[in-house]
Amino acid sequence: MRSFLKTKTAIALALTVSAGAAHADGHGGVEVLHWWTSGGEAAALNVLKDDLEGQGVGWTDMPVAGGGGEQAMTVLRARVTAGNAPTAVQGLGFDILDWANQGALANLNDVAAAEGWDDVIPAALQQFAKVDGKWVSAPVNVHSTNWVWANKAVLDANGIAVPTTWEEFTAALDTLKAAGVTPVAHGGQAWQDATVFDAVAMSVLGPDGYKAAFIDLDESALGGDGMKEAFDRMAVIRENVDENFSGRDWNLATAMVINGEAGFQMMGDWAKGEFLNAGKVPGQDFLCFRFPGTSDQVTFNADQFMMFDQGGAVSPEQAKLATAILSPSFQSAFNVVKGSVPARTDVSNEAFDDCGKKGMADLAAAASSGNLFGSMAHGHANPASVKNAIYDVVTAHFNGEYDSETAIVELVDAVSIAK
Ligand code: BGC
């Protein structure tokens, strides 16, 4: 109910703001719909705003709060239905393909050709940015979801080394619980539950099993013993969150780790943006490591800006925005702040901190070993209908509505109805 009301308010706001936005567009600006509203996200967005404003392109901001972007996508649908699409919209994976297939996106091929996108944007991203030979969106970054963020002082005080196996991880959770520290900072929202599940499932199923289950939607993988074990591990994690977890925003969960109220958070590397925004230093104040059992794999999601067709060729402002996003200097400056890594393969890692350098190295290694997979939780494994069906089961199980045995039966069922 709460998120429904939030969404209704957001839509009302979107439809009101849009009148002003059309005016701003008329004066040569861009209206940008996005969900980057946390402190770290807003700091990263400012890098883009400043870049554009420096080129004389006005910016009308259309933020829609809600991690993972579900609320933003609801607002987008309302805007498009009202015949008033924003100029540029943050989008993920299959959602981008969906809008492209509906013919809603402008053709960026001229910009892409002039800037050589084909040569520098990795294939894993191109599959979500190019449809039928046409570039329809500008990739901003590559995030990945199988990370753990830890408060170093809390770990040190409790004699905990970085866990590399599930057993070491659960032992660390037990130690923290006994010490009166919340072991896992978590926000009970479906997309956050699914983000944790991305990593947990990968750790149990391995790359082949993850692909079979979430990308190929193979029933025996979705309903197999490995998946049951993944749900069992989610139940262990559920026992290690605090009692106020329900509905909490992801950045507030990150703040619990920053403040030392909690030991760990399993979250994508946008969480790093929150640590940096709070003045924390990787290796000194906080630690980043891959979820135990997934050190060779990467489950990725890439933020892109879809350019909505404004009734003709791509507008000069859209072209400027796209060019700015893919410029190597912007790719470095933005991703250093955001916590993600560049969407181009030719950007130096020099300006990045240790977590960022690790993120870049992990991504390159996973891409060359065949261990790079689209994140189920962040719309890079399946269209929204299937993703949402998986969300429902993961969340119902996390909230104790059914046990792991029932969860795998429900998962097979829900996916087969949705696909
Ligand atoms: C996006 C990130 C964003 C996160 C939390 C993810 O889906 O890719 O850019 O920071 O959601 O809002």
Side-chain angles (χ1 to χ4, degrees), residues 3 6-7 10 32-48 62-76 88-96 124-125 128-129 137-147 149 185-199 247-255 257 265-277 288 298-306 325 331 334-343 355-356 359 363 373-382 384 387-388 390-391:
S3 74
K6 250 196 200 168
T7 304
V32 183
L33 193 158
H34 62 89
W35 63 93
W36 285 336
T37 57
S38 77
E41 291 174 329
L45 188 72
N46 281 337
V47 178
L48 182 58
M62 183 62 228
V64 181
E70 211 174 325
Q71 285 88 337
M73 291 302 103
T74 306
V75 168
L76 174 61
V89 180
Q90 182 186 357
L92 294 173
F94 278 85
D95 289 342
I96 299 171
L125 262 55
F128 294 112
S137 63
V140 185
N141 61 11
V142 187
H143 272 300
S144 58
T145 58
N146 56 322
W147 286 106
W149 307 91
H186 182 64
Q189 296 175 345
W191 75 271
Q192 291 187 62
D193 300 339
T195 301
V196 176
F197 195 61
D198 248 358
R248 175 187 287 134
D249 286 332
W250 68 272
N251 51 316
L252 301 181
T254 311
V257 178
Q265 182 185 23
M266 276 80 86
M267 190 41 64
D269 36 16
W270 45 91
K272 194 186 78 178
E274 298 303 299
F275 284 94
L276 299 182
N277 197 47
C288 59
V298 170
T299 42
F300 83 96
N301 61 301
D303 291 302
Q304 305 201 36
F305 278 104
M306 305 182 265
I325 287 172
Q331 284 285 321
F334 176 89
N335 288 306
V336 158
V337 179
K338 183 67 170 67
S340 37
V341 304
C355 295
L363 180 68
F373 297 97
S375 155
M376 172 278 290
H378 291 265
H380 281 68
N382 277 288
K387 178 188 83 172
N388 290 332
I390 300 174
Y391 274 19

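Remember, it's 1-based here, ligands and their atoms both numbered in the order they're listed.
Residues passing the side-chain hydrogen bond (donor to acceptor under 3.5 Å, both in side chains) test with Trp35: none are found, sequence neighbours excluded. Annotation: salt bridge (charged side-chain N to carboxylate O under 4.0 Å, His left out) contacts of Lys338 (sequence neighbours excluded): none.
Nearest protein heavy-atom contact of atom 1 (C) of ligand 1 is Asp303 OD1, 3.3 Å. The single protein non-hydrogen atom nearest to atom 6 (C) of ligand 1 is His378 ND1, 3.6 Å, given as residue, atom name and distance. Closest to atom 10 (O) of ligand 1 among all protein heavy atoms lies Glu41 OE2, 2.4 Å.
Ring pair Trp250/His186: centre-to-centre distance not below 6.0 Å.
No side-chain donor-acceptor contact under 3.5 Å links Asp269 and Ser340. Counting only N and O atoms by type, the side chains of Thr299 and Ser144 include no donor and acceptor under 3.5 Å apart. Thr254 and Glu274 share no donor-acceptor pair across their side chains, judged by distance under 3.5 Å alone. Residues Asp198 and Ser375 bring a donor and an acceptor atom of their side chains to less than 3.5 Å of each other.
Ligand 1 lies out of reach of Gly69, whose nearest heavy atom is not under 4.0 Å from it.
Other residues, nucleotides and ligands place more than 12 heavy atoms under 6.0 Å from the CD atom of Glu41.
If you number the atoms of ligand 1 from 1 as listed, the ones under 4.0 Å from a heavy atom of His143 come out as 2 (C), 8 (O), 9 (O). Atoms of ligand 1 found under 4.0 Å from any heavy atom of Gly67 (numbered from 1 in listed order, with element): 5 (C), 12 (O). Residue Leu92 has at least one heavy-atom neighbour below 4.0 Å for each of these atoms of ligand 1: 7 (O), 8 (O). Against a heavy-atom cut-off of under 4.0 Å, Asn301 is close to the following atoms of ligand 1: 1 (C), 6 (C), 7 (O), 8 (O). Near Lys338, meaning under 4.0 Å from any of its heavy atoms, are these atoms of ligand 1: 2 (C), 3 (C), 9 (O), 10 (O).
For Asn141, no heavy-atom contact with ligand 1 is shorter than 4.0 Å.
With distances taken over non-hydrogen atoms, the option nearest atom 4 (C) of ligand 1 out of Trp270, Trp250, Trp191 is Trp270.
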